[in-house]
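Please read through the structure below; I'll follow up with questions.
It should be emphasised that the depicted structure is a prediction, and the values quoted were computed from it without experimental measurement. Starting from 1, each residue takes its place in the sequence as its number.
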Amino acid sequence: MPEATPTTGATASSILPTDPAVIQARLAKWRKHLQSPTELQLPTDYPRPIPLKVVEGLHEFVLPDPSGLAVLQLSLTSQQVGSDGDASPTSPFTVLLAAFVVLLHRYTAEEDIVVGSSSESSNPLVLRINVKPTDTFLDVLNTVREVEKEALENEIPFDILVSDLLGDLAAAAAAGTTTNQGPENGALAASNTNTTAQSGPNDAAGGNYERKAPSSLFRVRFFNQTDTDEQTLNKTITAATDLTVIIRQKSTESLRRLYPSIEIQITYNQVLFSSNRIVHIGQQLQKVLAAALSTSIATQAGQVVGEDHHIGNFDIVTEADRAVLPDPEANLNWSSYPGSITSIFVKNATSNPDKPFVTESVLRPDPVNSNKTKLVSRTFTYKQIYKAARIVSRYLQQCGIQREDVVVVYAYRGVDLVISILGVLMAGATYSVIDPAYPPARQNIYLSVAKPRGLVIIEQAGTLSEEVQKYADDELDVVCVLPALFIQDSGDIHGGILSSSNGQDVLQKAASEVEASINDPTGDLVEVGPDSVATLSFTSGSTGIPKGVRGRHYSLTHFYPWMGEQFNITEKSRFTMLSGIAHDPIQRDVFTPAFFGAELYIPTSEDIGIPGQLAQWMAQNSITITHLTPAMGQLLSANATANISNLRHAFFVGDLLTKRDCHRLQGLAPNCTIVNMYGTTETQRAVSYCPIPPRSEQPSFLESAKDVIPAGRGMKDVQLIVVNRHGHGGLCGVGEVGEIYVRSGGLAEGYLRLEEATKAKFVNNWFRKTDILTADPVDSSSIKFYLGPRDRMYRTGDLGRYRPDGDVECIGRIDDQVKIRGFRIELGEINNMLSQHPQIRANVTLVRRDKYEEKTLVAYIVPNEEEQQRVDDPGHKKLTDNIREYLKQKLPSYSVPSVFVPMKKLPLTPNGKIDKAALPFPDTPLFRSSSVQPSSTNAEGQDQQRPGYDKLSATERTLCEIWATVIELPPTLEIEPTANFFDMGGHSILATRMIFQVRKEMAVDAPLSLVFKQPTLRGMAAALDAMSSEISLGEGPGGFASADAKGVSTEDVIEEEEEFDYSGEAKALESELPTPASPYLAYPPVLADTNRPEGSKGPTFLLTGATGFLGVFILAGLLSRHPGATVYCLTRATSPEGAFDRVKKTAEAHLLWKDEWVQTNAVKAVVGDLGKPKLGLDDNTWDKLVQEVDAIVHNGALVHWVYPYKKLRGPNVLGTIEAIKLSAAGNTPKPLVFVSSTSALDTPYYVRMCENNQVGVPESDDLSGSEHGLRSGYGQSKWVAEKLLMEARKRGLPVTIVRPGYVVGDSRSGVTNTDDFIWRLVKGCMQLGQTPNMNNVVNLCPVDYVASVVVEVISQPKALDSMVYHVVNSEGYRFQEMFDSMKSYGYQVSGIDYIKWRDSLMDFTLSHTDSALYPLLHFVLDDLPTSTKSADLDDRNTRRILEPYGISCPSMSDLMGLYFAYLIKVGFIPSPTNPEKAEKQLPQLDIKVHGPITRSSQN
């Protein structure tokens, strides 16, 4: 921090400077101090969405007495010297802040920590604190204290600081200020008087707020409650704020207590963090305080403070951590060994000799046409493979191969490779594989490491090159060569001819001997044990010479019994061989089916290489289990059309698995459980697992998964130990970055002839405090070739952290961490983010040096096929610009690569890994457009029963069957491409069901609005293809391609409402508004006169929407408020009698009907239609109403939360214009009240306004804050209608607007509308047994109160003093209170994190289509908390109208039981499951009900 600017008079924290010169001087210092800060990337539980949504979660706790005492002691023992030389204790708040900084350091490994804090003037501060793992806590405390002091001495108003550092728009987003004009009161002053820059409704704080995450100076805030008010909080919060910690002190409750209790409140974003993680944070904070106190005590005692007291070495593992983390001292069944893979294979072969083992697909010359090839399958039984392997084994032994001699196999993917591997192992030797695709010089390097005694060359692999042959002859001691191994279709094998074999096949003798001893089942099987070396695999070495990893027999079988139980692997399973032939995962392809007695299928190279063909091959062979790398998974899903419905498990290993990879595969294989696994060559096996359930069972699972799938947890007898990299290597706590060690009895023996390297990487378990032999129940002395139990750990070099559930997520490699310009950068994180971009097929990021020898981040990218074929962007500048902007939203700016190098493909090693050494320098790559054409779609394999399939694309066919299922169409009915969903019998409820079937079956996150915008089969399919191309690299949903995707973009589908210029529509419609024939002079006397004689005629009203829930209460309210009144009810019907009957039935259902209304002719129904001219009235009726009506209550509207504006325009907008025309017609204008909705205010602009001004949206607001950004067609229609009414007021018409929020039941009878979202939410939670943690305030108002507001506004002349009247429940009732009340009345529901609830709800609802929330599922799942979060409303106009009559809004807390009782009475919800244990008892209702009230029952 720069030297402080001197202050005069009061302390720096008490008065903020106003002198411009002082402010500018301090700003210059802040600019320097906050230059290029590190952006904290806290560990999250869920993916960070773009745009970021915020669902507030709250966790509060009181520090336990030991922790509170530690804070007090640290405060008292840490002295701060003031300017006068006096020493004073450090404040407890500063102690806690320092402890929290230590936690942030441990979570992120960052040494540059920026947090927001508060000063005594309630002005937010920015604290930039440098910490190192070698600091003591006292060092950190002193740093924090100094930073706080200097920040206070240079304090300036926070808004000015933000404006200067982040720009005006960012300042506006942070401050939430506004400038707008109300229709009556002129300018609305910004509530923050210190703000130097104001923002309008269209800037970052308004309509575009969701599009761009607002800038922020910090992600974490740490405030002292006494220094913090709502304005301070609102100034500093943005969508980029992850955590807010508030410290407050409870007053001492008793003189028996020595010190006060400290309360901590953590507010967090549930979209990012689980409540479980926040609990861990709170407990780990206590561990830091305990460790800090230990340091302080040691210092006070004069002890030398060693590295044990460094903050990097603090033990922060809590009891909650230990409950989910592995115990590094636990017994791992060291000596459990089911036998060697060869002995188990022999057992399976002799038990089921005729069972198929290997089926190989091969291409052979077509006997009919020699210019073509023909695909044939060769199947070999267990007996045939066993016999062939015996022959190889015998031959090797005859040549002198001894136990654990290395035999190198020159490989080719095929059945011969299986025979070679099993034959070498049966001989007791160690097998190693070399891919002949390696350059000869590289092959010689491998040979120099392996020093093999035998060579097995598969005939299909070719012959050794002269260079390799010469090296083998001159440098190796090879005693056995099998020159050309090949198995014939009959099962007979030959091995080729050597110069020493006298022209005979080298295997002839061995084959004859095996045939003679065929009845000896264990013949040619050399006995081995757990520690016998079975494999020699290669891994990269730091010197460029690969290291040979010696794999033990123990690991080849130890894990299979557990895997069989865990993943239901049986002898009926069908496996694939897809791994790289020289890559150690090939072992799992061969050994897994051999162990279980299952089948192995081998594709041709064409099946693997041609996009789309591999999926078809797997489907044709009914594959049930496959082992894949993410790269192979991408190849499998590319351009695939076949549905692999039989695939049950896909095990991934070898690289980071992304959510996009999983979506792609489950789009092809909906019944497939994807298992992400983690392992290295040194662990021999993939040793951890993280299962992803099938989409057919849990379609929502991936919704809350992060972009990179975790490594998971160790398999049986394996532990992933995340170790603190500092000090003595302690166990990491949840969330802490550390190095991953694998603890297992199945580790490789070590590196071949590299003892020091083996010692460095294979380490003894330092956590163990007891002799391992005492923990091993098996007597290992009887096991041959076994060295006994060894408790070892392999140091992987990978960085990871524990999640709150104990799973491990990988975050990169230690050697991938680089520093550029002082910033720590994780290359793995950049690669992960790049891999999520929809237009990138492959990528890798490296650090290169530019011409000035400066380190530069360079990203090598392979665009997808569509991008490669573009002719309008030959240099791919548009693409790289797009990628750069994408990364800016995902990564700190310093982690965005400076250079992007587009390439046709990335160079690969024969093992399938990226050959980084072969990547060109940025100035040398050549990029040519791909010549590969997209594969055409055909109907092969598709259901041909339904007529017209030949006219449809693959996506259309899939969609066609979904339509047919949902609408229940007969199979013989042809569905044309131009068929309309609604014309075929669909409706809004079926539309919801159909869209979620699309999401489930086609793996596309389609919005419900799609069906209304693209209702035809072809249009909808094209839109789905357009959306799918964003996640599937040009493929259609689930891999289906459509010929009609062009021309329809995702933006066309999703953003129509947002892009629609409804504000321009309002301006255009102003010309339709009438000018009154005569000016408005006074309120109708009959309406204003409250002292009319009893029995005299009252006013006449026109009421629209009388058959609606609110409308019928307005009807009753008007007749009660005005005795003798007449109300014309505009109603849709075929006759006046039918219209009247509808009104009567609605009133009866709501317990409001009075027979006297008929006797006095108080209610008159007229047939009309809001969407038609003159409200659908004939001329005579219109003229009659013009003459008779005194006032109009326009309450009717078409309410639909998914329909676009154009479908609502008629009834909601044009109908309002007609109502205004009726108001203007006649001798004098008639008062008109328009019942609107707060949906006209549903933009982030108003939410931000209210967070800042603490009063709410004023009733004088002119709606300019939502002239853009309303996303629902309903909200847009209400906005346009209101703006037209405001214009009508300017023209002299007596119109007013009432804006209610959520309208719920009658506060007297409990009668409510069961179709309401609130009650469907309640019922849906009861059905699920779970409620979401949601702290949003919800403006629930009883219907009778809302109706009273409408009635009083139309009844009082002074109501025209204002334009708008808000209907508000001022108690601040929250969703959480509603959910808690369910428990209070005896319902068995449990509160869970919102994200988990959302996923559970989706799974439950899709499998239970009778769920109460099914019709509103789109609304709930798309983002319930954000969509239900609304602006606070100022209702002073309404209170002014109601106060003389003593009308106020009842408390919702007192009414919830009444509503539940009514809903039970009508059969909408069940009775409480445990009423006798309930905290509250439901009231008994003595009413006669007519069944549940729904919109359909009213219309």
Side-chain angles (χ1 to χ4, degrees), residues 58 230 1109-1110 1113-1114 1116-1117 1150-1152 1238 1250 1254-1257 1259 1298-1314 1316-1319 1321-1323 1325 1331 1334-1353 1365-1387 1389 1391 1428-1465 1468-1469 1472 1478-1487:
L58 189 66
E230 285 297 319
F1109 180 53
L1110 173 58
F1113 278 89
I1114 295 174
H1150 292 79
L1151 309 182
L1152 296 172
T1238 54
C1250 300
Q1254 303 179 47
V1255 176
V1257 178
E1259 290 157 305
V1298 174
R1299 283 194 201 123
Y1302 283 104
V1303 182
V1304 291
D1306 187 353
S1307 65
R1308 300 155 299 185
S1309 66
V1311 172
T1312 193
N1313 180 5
T1314 58
D1316 185 79
F1317 167 72
I1318 292 295
W1319 304 128
L1321 177 61
V1322 166
K1323 183 176 181 178
C1325 289
T1331 61
M1334 275 178 57
N1335 212 34
N1336 293 26
V1337 172
V1338 56
N1339 182 22
L1340 301 181
C1341 296
V1343 63
D1344 49 312
Y1345 173 70
V1346 180
S1348 296
V1349 174
V1350 175
V1351 169
E1352 291 306 320
V1353 171
Y1365 292 85
H1366 286 155
V1367 187
V1368 178
N1369 187 333
S1370 59
E1371 72 173 316
Y1373 192 74
R1374 296 179 180 271
F1375 275 104
Q1376 196 61 53
E1377 294 178 79
M1378 182 176 72
F1379 298 141
D1380 291 343
S1381 69
M1382 295 164 62
K1383 300 177 188 177
S1384 300
Y1385 285 107
Y1387 288 97
V1389 291
T1428 55
K1429 185 174 183 179
S1430 57
D1432 296 332
L1433 305 177
D1434 179 13
D1435 66 341
R1436 64 187 67 190
N1437 290 346
T1438 303
R1439 285 184 277 111
R1440 174 174 54 83
I1441 287 289
L1442 299 182
E1443 281 173 0
Y1445 297 89
I1447 301 173
S1448 61
C1449 185
S1451 169
M1452 198 52 53
S1453 301
D1454 301 331
L1455 293 177
M1456 204 53 65
L1458 174 66
Y1459 295 148
F1460 289 165
Y1462 173 79
L1463 294 171
I1464 294 170
K1465 187 87 173 179
F1468 182 70
I1469 63 173
E1479 298 176 14
K1480 299 178 181 179
Q1481 297 301 312
L1482 293 171
Q1484 297 297 317
L1485 298 185
D1486 186 19
I1487 58 175

**Prompt:** Side-chain contact, heavy-atom cut-off 4.5 Å: Phe1113 with Val1346?
**Reply:**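 No, their side chains stay 4.5 Å or more apart.
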**Item:** Within 6.0 angstrom of Arg1374 CZ, more than 12 heavy atoms from elsewhere
**Value:** yes
**Message:** Could you measure the distance from the CG atom of Asn1335 to the CZ atom of Phe1379? Nearest 0.5 Å is fine.
**Reply:**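 It comes to 11.0 Å.
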**Item:** Within-4.5 Å side-chain heavy-atom neighbours: Phe1109 and Thr1312
**Value:** yes
**Asked** Any donor-acceptor pair under 3.5 Å linking the side chain of Lys1480 with the backbone of Gly1457?
**Response** no
**Message:** Could you work out, with side-chain contact (heavy atoms from CB on, under 4.5 Å) as the rule, every residue matching Glu1352, not counting sequence neighbours?
**Reply:**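 With sequence neighbours excluded, Glu1352 shows a side-chain contact (heavy atoms from CB on, under 4.5 Å) to Arg1121, Gln1356, Ile1441, Leu1442, Tyr1445, Ile1447, given in chain and number order.
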**Where Lys1465 and Leu1485 come nearest, the two heavy atoms and their spacing** = NZ-O, 3.2 Å
**Request:** Could you pull out the closest heavy-atom pair between Ile1114 and Val1351, with the gap in Å?
**Result:** O-CG2, 4.0 Å
**Request:** Mind listing the closest non-hydrogen atom pair of Val1389 and Lys1383 along with its distance?
**Result:** O-CE, 3.4 Å
**Asked** Less than 4.5 Å apart, any side-chain heavy atom of Val1367 and any of Leu1433?
**Response** no
**Message:** Do Ile1318 and Val1338 have side chains that approach each other closer than 4.5 Å (heavy atoms only, starting at C-beta)?
**Reply:** yes
**Message:** Please give me the minimum heavy-atom distance between Glu1371 and Pro1450, naming the atom from each residue.
**Reply:** OE2-O, 4.4 Å
**Message:** Quick check: do Val1322 and Phe1460 have side-chain heavy atoms less than 4.5 Å from each other?
**Reply:**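 A side-chain contact under 4.5 Å exists here.
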**Asked** Excluding sequence neighbours, so at least two apart, what forms side chain to side chain donor-acceptor pair (under 3.5 Å) with Ser1307?
**Response** Asp1344
**Message:** As an exercise, state the distance from OG1 of Thr1438 to CZ of Arg1299, rounded to the nearest 0.5 Å.
**Reply:** 10.5 Å
**Prompt:** Counting distance only, does the side-chain N/O of Glu1377 pair as donor-acceptor with the main-chain N or O of Ser1453 below 3.5 Å?
**Reply:** no
**Request:** State the CG-CG distance between Leu1110 and Asn1313, to the nearest 0.5 angstrom.
**Result:** 11.0 Å
**Item:** Residue list, ring pair (Phe, Tyr, Trp, His ring centres under 6.0 Å) with Tyr1345, at least two apart or on another chain
**Value:** none
**Validation row: Val1349, Pro1300 side chains within 4.5 angstrom (heavy atoms)** = no
**Request:** Over all heavy atoms of both residues, which pair between Pro1472 and Ile1464 is shortest? Give the atoms and the distance, please.
**Result:**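 Between these two residues, the closest heavy atoms are CD-CD1, 3.9 Å.
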**Request:** Enter the distance from Met1452:CE to Asn1339:CG here, rounded to the nearest 0.5 Å.
**Result:** 8.5 Å
**Asked** When rounded to the nearest 0.5 angstrom, what distance separates OG in Ser1384 from CG in Leu1482?
**Response**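 CG of Leu1482 is found 10.5 Å from OG of Ser1384.
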**Message:** As a test of understanding, state which of Tyr1459, Tyr1462, Tyr1302, Phe1468 forms a ring-ring contact (aromatic ring centres under 6.0 Å, His included) with Trp1319.
**Reply:** Tyr1459
**Request:** Mind listing the closest non-hydrogen atom pair of Arg1440 and Pro1444 along with its distance?
**Result:**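 Closest pair (atom of Arg1440, atom of Pro1444, distance): O-CD, 3.5 Å.
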**Fill in**
Rounding to 0.5 Å, atoms CE (Met1378) and OG1 (Thr1331) come to a distance of 9.0 Å
